[in-house]
2 protein chains.
Amino acid sequence: MTKQAQFFQTALELIHEKGFKAMTIRDLAKALSCDPANIYNYVRSKADLLDQLLFEISAEFHRGIDEILQSGLTPPQQIEELIRQHVELSAQRPLQVGLLVNEWRNLKDSRLLEFVGERNAYEQKVQQILRQGIRTKYFRDFDPELICFTVLGCLRWQHSYNLRSQIEHQNPLRVREEIRRFVLPGLLI
Amino acid sequence: MTKQAQFFQTALELIHEKGFKAMTIRDLAKALSCDPANIYNYVRSKADLLDQLLFEISAEFHRGIDEILQSGLTPPQQIEELIRQHVELSAQRPLQVGLLVNEWRNLKDSRLLEFVGERNAYEQKVQQILRQGIRTKYFRDFDPELICFTVLGCLRWQHSYNLRSQIEHQNPLRVREEIRRFVLPGLLI
DNA sequence: GTCTATAATTCGATAGAC
DNA sequence: GTCTATCGAATTATAGAC
């Protein structure tokens with residue numbers, strides 16, 4: 001692992017453990033066995049650290065759902081693919097995914113607004129899948145906005161499950177199948 | 001509203017807006033149009049403020065699920081009642097419910113451990129309902145731990161929905177019915 | 001890249017008069 | 001209960017030598 005990768009990995013672990021606001025530059029330096037001043041070789045400021053980590057993973061989710069929207073899959077297949085993406089990212093990078101839930105509030109002013117904009121856009125894309133499914137009679141006639149929140153609620157807790165539960169439960173294929181069998185019957189006609 | 005109620009309500013609004021760590025005693029005093037020193041007429045310390053708010057709402061959820069476990073309802077009915085309780089609390093007290101998701105990490109040492117213990121106990125109670133439902137053939141044979149997380153994921157996002165969405169969508173009866181029709185088919189045989 | 005030293009600010013909390 | 005004044009500690013970030 002490069003020094004830069006080690007830096008961001010350690011930062012992620014510390015943010016997860018204490019929260020971004022509570023983690024200090026000194027804590028991070030200590031965990032990296034270096035001096036606090038060295039932190040600024042990797043990031044401009046503490047705010048810049050959170051900024052990079054958050055927008056990188058946000059963009060990852062957008063790339064995923066944009067692929068889905070252009071895939072030509074049926075709406076139920078698109079939801080299955082959405083589940084697969086969330087399970088995979090939550091398994092491979094649970095700490096960074098966790099930031100999207102726990103730490104976005106700590107972004108600074110204009111960047112906070114940008115992030116909320118991206119999050120709203122993501123939810124609109126999910127609603128687009130749901131509305132298309134209702135229109136084409138794959139899905140029953142539910143409230144797309146409310147069910148969007150509910151489905152994303154199911155998926156957004158995966159990262160903490162991966163961090164808290166036993167290792168043998170983290171088989172992504174099994175997790176994906178369990179969630180698929182829970183979510184789809186609630187949507188289909 | 002009593003002065004004490006006004007104090008805690010304003011604190012909740014400020015914590016929701018900025019996060020507990022970022023909210024300062026001075027911010028709170030300004031919002032209450034009083035002096036920073038006066039804050040300590042209501043709480044011993046800043047940590048004590050979060051402590052009271054968090055454990056009070058945690059106890060509320062435990063009271064609810066304990067009633068369910070002693071109710072004699074069938075497992076599907078118990079899940080319906082669980083949904084009702086979450087929807088109701090998330091509608092009536094969204095800010096305080098939000099603390100359970102966003103701010104528990106900021107509790108101090110021993111109290112943090114106590115809170116995590118209470119949260120784990122709550123999840124065990126939900127799993128108890130699910131296991132009972134599987135055993136009595138109401139529910140299909142899913143993984144109780146994973147589905148517990150998934151169901152609670154659906155429910156734990158209600159508070160932010162109530163804070164972000166349009167007022168006409170906040171009819172608890174409608175929300176409850178939408179979620180019920182989404183969740184139950186994923187559980188039943 | 002690494003360190004020492006420290007500037008500049010902000011915070012939680014208290015003492016004590018009214 | 002309310003205020004003035006302030007202490008002591010902790011924080012981010014930088015300057016500058018190596």
Side-chain angles (χ1 to χ4, degrees), chain A residues 1-56 99 102-112 114-115, chain B residues 1-56 99 102-112 114-115:
Chain A
M1 187 153 28
T2 69
K3 268 200 166 179
Q4 170 157 326
Q6 182 62 55
F7 169 80
F8 282 107
Q9 179 59 31
T10 304
L12 272 172
E13 290 168 6
L14 229 56
I15 293 171
H16 172 256
E17 183 187 334
K18 319 182 74 164
F20 175 75
K21 266 282 191 181
M23 179 204 72
T24 69
I25 298 293
R26 286 169 174 79
D27 290 335
L28 183 50
K30 193 170 183 180
L32 289 163
S33 302
C34 75
D35 199 84
N38 291 53
I39 302 301
Y40 299 92
N41 294 331
Y42 301 97
V43 289
R44 288 173 174 281
S45 66
K46 191 185 174 191
D48 180 43
L49 169 61
L50 181 62
D51 200 281
Q52 289 192 42
L53 290 170
L54 262 174
F55 280 90
E56 195 276 332
L99 298 184
N102 295 316
E103 304 294 355
W104 60 272
R105 227 177 269 263
N106 293 312
L107 289 169
K108 297 285 179 190
D109 301 326
S110 67
R111 292 294 274 170
L112 175 61
E114 284 182 50
F115 176 83
Chain B
M1 187 156 25
T2 69
K3 268 202 166 179
Q4 170 156 326
Q6 182 62 55
F7 169 80
F8 282 106
Q9 178 59 31
T10 304
L12 272 172
E13 289 168 6
L14 228 55
I15 292 171
H16 173 256
E17 183 186 333
K18 319 182 76 165
F20 174 75
K21 266 281 193 182
M23 178 203 73
T24 68
I25 298 293
R26 287 167 174 79
D27 290 334
L28 183 50
K30 193 170 184 180
L32 288 163
S33 301
C34 74
D35 199 85
N38 292 54
I39 302 302
Y40 299 92
N41 295 330
Y42 302 96
V43 288
R44 290 173 174 280
S45 65
K46 193 186 173 191
D48 180 43
L49 168 62
L50 181 62
D51 201 281
Q52 289 192 42
L53 290 170
L54 262 175
F55 280 90
E56 195 275 332
L99 298 184
N102 295 317
E103 304 293 355
W104 60 272
R105 228 178 269 264
N106 294 311
L107 289 170
K108 296 285 179 192
D109 301 328
S110 67
R111 293 294 274 170
L112 175 62
E114 283 182 51
F115 177 82

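Here is the naming used below: chain letters follow the sequence lines, and residue numbers restart at 1 for every chain. Everything quoted here is computed from the prediction, not taken from an experiment.
Between B/Lys21 atom NZ and D/dA10 atom P there is a gap of 12 Å when expressed in whole angstrom units. Rounded to whole Å, the distance from CD1 on A/Ile39 to C1' on D/dT14 is 15 Å. The separation between A/Lys30 atom NZ and D/dA10 atom C1' is 15 Å, rounded to whole Å. Here the P atom of nucleotide D/dA9 and the CD1 atom of B/Ile25 are 19 Å apart, to the nearest Å. Taking atom CZ of B/Arg26 as the reference point, atom C1' of D/dC7 lies 11 Å away to the nearest angstrom. B/Asp48 has its CG atom 14 Å from the P atom of C/dG12, to the nearest Å. Atom CE in A/Met23 sits roughly 11 Å away from atom P in D/dT11 (whole-Å rounding).
Side-chain atoms of B/Asp27 and B/Thr24 form a donor-acceptor pair, as typed in the model, at a separation below 3.5 Å. Looking at A/Thr10 and A/Gln6, their side chains do bring a donor and an acceptor atom within 3.5 Å of each other.
Side chain of A/Asn41, nearest nucleotide from C/dT2, C/dG12, D/dT14: C/dT2. Picking from C/dA15, D/dA13, C/dC3 the nucleotide with the shortest atom distance to the side chain of A/Tyr40 gives D/dA13. You'll find that the side chain of A/Ala37 is closest to C/dT4, out of D/dA13, C/dT4, C/dG12. Between C/dT4, C/dA13, D/dC3, one nucleotide has an atom nearer to the side chain of A/Asp35 than all others, and that is C/dT4.
OP1 or OP2 of C/dT2 has at least one side-chain nitrogen or oxygen of A/Lys3 nearer than 4.0 Å. Regarding contacts with the backbone of C/dG1, every side-chain N or O of A/Asn38 stays at 4.0 angstrom or more from both OP1 and OP2.
In this structure, CG on B/Asn38 lies 10.0 Å from CZ on B/Phe7, to the nearest 0.5 angstrom. Going from atom CG of A/Leu107 over to atom CZ of A/Phe20 covers 8.0 Å, rounded to the nearest 0.5 Å.
Looking at which nucleotide of DNA chain D each of A/Arg44 and A/Thr24 is closest to, the 5′-most match is held by A/Thr24. Comparing A/Lys46 and B/Pro36 along DNA chain D, the residue whose closest nucleotide (by nearest heavy atom) sits nearer the 5' end is B/Pro36.
Ring geometry for A/Phe115 against A/Phe55 counts as perpendicular: the plane angle is over 60°, on a 0 to 90° scale with 30° as the lower cut.
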